[in-house]
Amino acid sequence: LRSHDAACYFYYIIPNLFNATMVLYFFEKKKYSFNDYNSKLTAGLMIVCIYFLIFSNLFPAIILVSFFCYVILLHIFRNKKTHTVFSSIKQIQIPVLGLILWIVSLVFEWKGARATSEDLMYDFDLMGTVKTFISTLIHSLNIWFVIFAVIVVVASFIVLIFNRKKPENKKYFHFLGLSAFCIIVTLIYSLLLCAKVASFYAARTDILFCVFFFGFLLLSVLSCVLIRKPLIKMITPLILIIICSLSFVTGHRAFKESNIAQLDANKCKQIDNYLIEQIKEAEDNGSREVKLHVPVFSSDNNWPLPEYGVQWIADTLYKQRIISSEMTVVYCPDSAVNEKFGLDTPYELP
């Protein structure tokens, strides 16, 4: 799990982990009604947590929302003969509230500035997104991990089928249904959203974490079926160490720079300071306009320094009081900047 830069860590990875943590909490405690909590303060804090998790980001939020959908559907179907829909909903107030908040968040995003911006608007490309997703799976998944996962799943199913009449195994079949439902929902949702936002999003692990989370969770629970056997329990740590070793020894860099261009952090800071100095120098000279010279990148819109983004740099400096007046930025991609910082022209993004 990695992201392009510090902003994406904040917008994707942290919400992913918090949403996943909340799913684990609800799966363990099964406290779906506000009446299940000891005090109104605790129930109120839960509402606040759900609000922040749902509105954190459209991609991570589906982790919790898919789980809530499963809980709602399961509860309604289990109690359809003994309870009305309304009385069933009273017992699962939190999942229903989460689903309503999610729908509201979709409306806000649909009407938001980013969704309606022509600079950030892409054609809906479902086929391109699916191809990107499949290509990412083929090139990113470690073969040793895949072999290990297949062995665990097959062996666990064999054990469960032969022991399906044992009462303690019913919880595993319930969890299989939950995982399958959530994997399908999160996968379809993520692919449709990527197709609308940008097809290349389907190649990002921080975007697809919602799908892999339930896959890893399923794998973990199925592993519990096997490690009840004394021999398997004894050799499991050794197997995990071997799998981890084979996963990390790939001949490629295991850790990369946390920026989209994967430049050295010191060089990124030098480029940042150079951009800031140009704006400050223009202000010191009494100008309200600055020709901002930026490096040339290989992307179509010169991402990660596109034309629509450079004005934000000046606006941020003004809001943070680094400059004392608002500045108009004239966009100037310049190969001389690449040469100044030792970059190829254009600089090829990984």
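What you see below is based on every heavy atom in this structure, not just the backbone, and it leaves out hydrogens, waters and symmetry mates. Keep in mind that this is a model prediction, so the values were computed, not measured.
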- Message: Counting neighbours of NZ on K30 that are heavy atoms of other residues, nucleotides or ligands and sit closer than 6.0 Å, is the number greater than 12?
- Response: yes
- Heavy-atom neighbours of D284 CG exceed 12 at 6.0 Å: yes
- Does some side-chain heavy atom of S105 sit less than 4.5 Å from a side-chain heavy atom of I103? no
- Message: Under a 3.5 Å cutoff, is there a donor and acceptor pairing between the side chains of Q91 and H75?
- Response: yes
- Task: Verify the cluster assignment for V290 and V330: are they in a single hydrophobic cluster under the rule of side-chain heavy atoms below 4.5 Å apart?
- Result: no
- Kindly say whether H293 contributes a backbone atom to a donor-acceptor pair with the side chain of Q278 at under 3.5 angstrom? yes
- Do F34 and L97 pass the side-chain contact (heavy atoms from CB on, under 4.5 Å) test, and can you show the C-alpha distance, the side-chain angles, and the key distance before you say yes or no? CA-CA 11 Å; F34 295 120; L97 173 65; 3.9 Å; yes
- Query: Do F59 and V107 belong together in a cluster built from hydrophobic side chains that touch within less than 4.5 Å?
  - Reply: no
- Task: Quick one: closest heavy-atom pair of K31 and Y25, and the distance?
- Result: CD-OH, 4.1 Å
- Item | Gap separating the CG atom of L218 from the CD1 atom of I183, nearest 0.5 angstrom | 5.5 Å
- Taking the six-membered ring of F173, is the NZ or CZ of K171 close enough (under 6.0 Å from the centre) and on axis enough (within 45°)? no
- Message: For residues F213 and I14: do they belong to one hydrophobic cluster (side chain heavy atoms under 4.5 Å, members Ile, Leu, Val, Met, Phe, Trp, Tyr)?
- Response: yes
- Message: Assess the residue pair T42 and S39 against the criterion (side-chain hydrogen bond (donor to acceptor under 3.5 Å, both in side chains)); give the C-alpha distance rounded to whole Å, side-chain angles, the decisive distance to 0.1 Å, and a yes or no.
- Response: CA-CA 5 Å; T42 306; S39 67; 2.9 Å; yes
- Validation row: I94, Y37 side chains within 4.5 angstrom (heavy atoms): yes
- Between NZ of K131 and CG of D125, what distance do you get to the nearest 0.5 Å? 8.5 Å
- Query: Atom CG of L58 and atom CH2 of W102: how far apart are they, to the nearest 0.5 Å?
  - Reply: 9.0 Å
- Query: With a 4.5 Å limit on heavy-atom distance, are the side chains of T21 and L24 in contact?
  - Reply: no
- Message: Using side-chain heavy atoms (C-beta onward) and a distance below 4.5 Å, is Q270 in contact with K340?
- Response: no
- Item | Members sharing L41's hydrophobic cluster (side chains within less than 4.5 Å) | L45
- Expected output: side-chain N57 to main-chain Y11 donor-acceptor under 3.5 Å: yes
- Item | Test item: D344 side-chain N/O and P346 main-chain N/O as donor-acceptor pair under 3.5 Å | no
- Note on the structure: CD1 (I100) and CD1 (I54) are apart, to the nearest 0.5 Å, by 11.5 Å
- Task: Compare every heavy atom of N19 with every heavy atom of P60, then report the nearest pair and how far apart it is.
- Result: O-CG, 3.5 Å
- Query: Would you say the side chains of T129 and T132 form a donor-acceptor pair under 3.5 Å?
  - Reply: no
- Note on the structure: Tightest non-hydrogen contact, residues P15 and Y9, listed as CD-O, 4.3 Å
- Message: Tell me whether N285 contacts the main-chain N or O of S287 through its side chain, where contact means a donor paired with an acceptor under 3.5 Å.
- Response: no
- Task: Give a yes or no answer on whether the side chain of T316 reaches the backbone of W312 with a donor-acceptor pair at less than 3.5 Å.
- Result: yes
- Task: With side-chain contact (heavy atoms from CB on, under 4.5 Å) as the test, would you mind laying out the steps for M327 and K280 before giving the verdict?
- Result: CA-CA 10 Å; M327 301 286 288; K280 291 178 66 178; over 6 Å; no
- Do I161 and L219 belong to the same hydrophobic cluster, where Ile, Leu, Val, Met, Phe, Trp and Tyr are linked whenever their side-chain heavy atoms lie under 4.5 Å apart, directly or via other members? no
- Verdict with supporting geometry, L292 and C332, side-chain contact (heavy atoms from CB on, under 4.5 Å): CA-CA 6 Å; L292 192 62; C332 297; over 6 Å; no
- Taking a hydrophobic cluster as the set of Ile, Leu, Val, Met, Phe, Trp and Tyr residues connected by side-chain heavy atoms closer than 4.5 Å, whether directly or through intermediates, do V48 and F26 fall within one such cluster? yes
- Item | Side chain N302, main chain F297, donor-acceptor under 3.5 Å | yes
- Message: Checking the side chain of R288 only, and the main-chain atoms of E326 only, is there a donor and an acceptor separated by less than 3.5 Å?
- Response: yes
- Query: Got a second to check how far L208's CG is from L187's CG, nearest 0.5 Å?
  - Reply: 8.0 Å
- Message: For F18, I'd like to know if atom CZ has over 12 heavy atoms of other residues, nucleotides or ligands within 6.0 Å.
- Response: no
- Of all the heavy-atom pairs spanning S335 and V296, show the shortest one and how long it is. N-CG2, 3.7 Å
- Message: Once rounded to the nearest 0.5 Å, what's the spacing between atom CD1 of I63 and atom OG of S190?
- Response: 8.5 Å
- Which ring-ring contact (aromatic ring centres under 6.0 Å, His included) pairs, counting each pair once, include a residue from residues 319-350, with sequence neighbours left out? Y274-F341
- Message: Within the 4.5 Å heavy-atom criterion, are L222 and L176 side-chain neighbours or not?
- Response: yes
- Task: Output, in order, the C-alpha distance, side-chain angles, deciding distance and verdict of side-chain contact (heavy atoms from CB on, under 4.5 Å) for H174 and L74.
- Result: CA-CA 10 Å; H174 165 65; L74 184 66; 3.5 Å; yes
- Decide whether S324 and E283 meet the rule of one side-chain donor and one side-chain acceptor closer than 3.5 Å. yes
- Item | S66 side-chain N/O to V185 backbone N/O, donor-acceptor pair under 3.5 Å | no
- Item | Side-chain H-bond candidate by donor/acceptor type, Q93 with S33, under 3.5 Å | yes
- No-hydrogen, no-angle side-chain donor-acceptor test under 3.5 Å, D315 and Q311: yes
- Nearest heavy-atom neighbours spanning L191 and L126: O-CD1, 4.2 Å
- Less than 4.5 Å apart, any side-chain heavy atom of L263 and any of L343? yes
- Measure across S199 and G128 and return the closest heavy-atom pair with its distance rounded to 0.1 Å. CB-C, 4.0 Å
- Do I279 and I313 have side-chain heavy atoms sitting under 4.5 Å apart? yes
- Item | Y308 side chain near N301 side chain, heavy-atom distance below 4.5 Å | yes
- What do you reckon, are the aromatic ring centroids of F27 and F175 less than 6.0 Å apart? yes
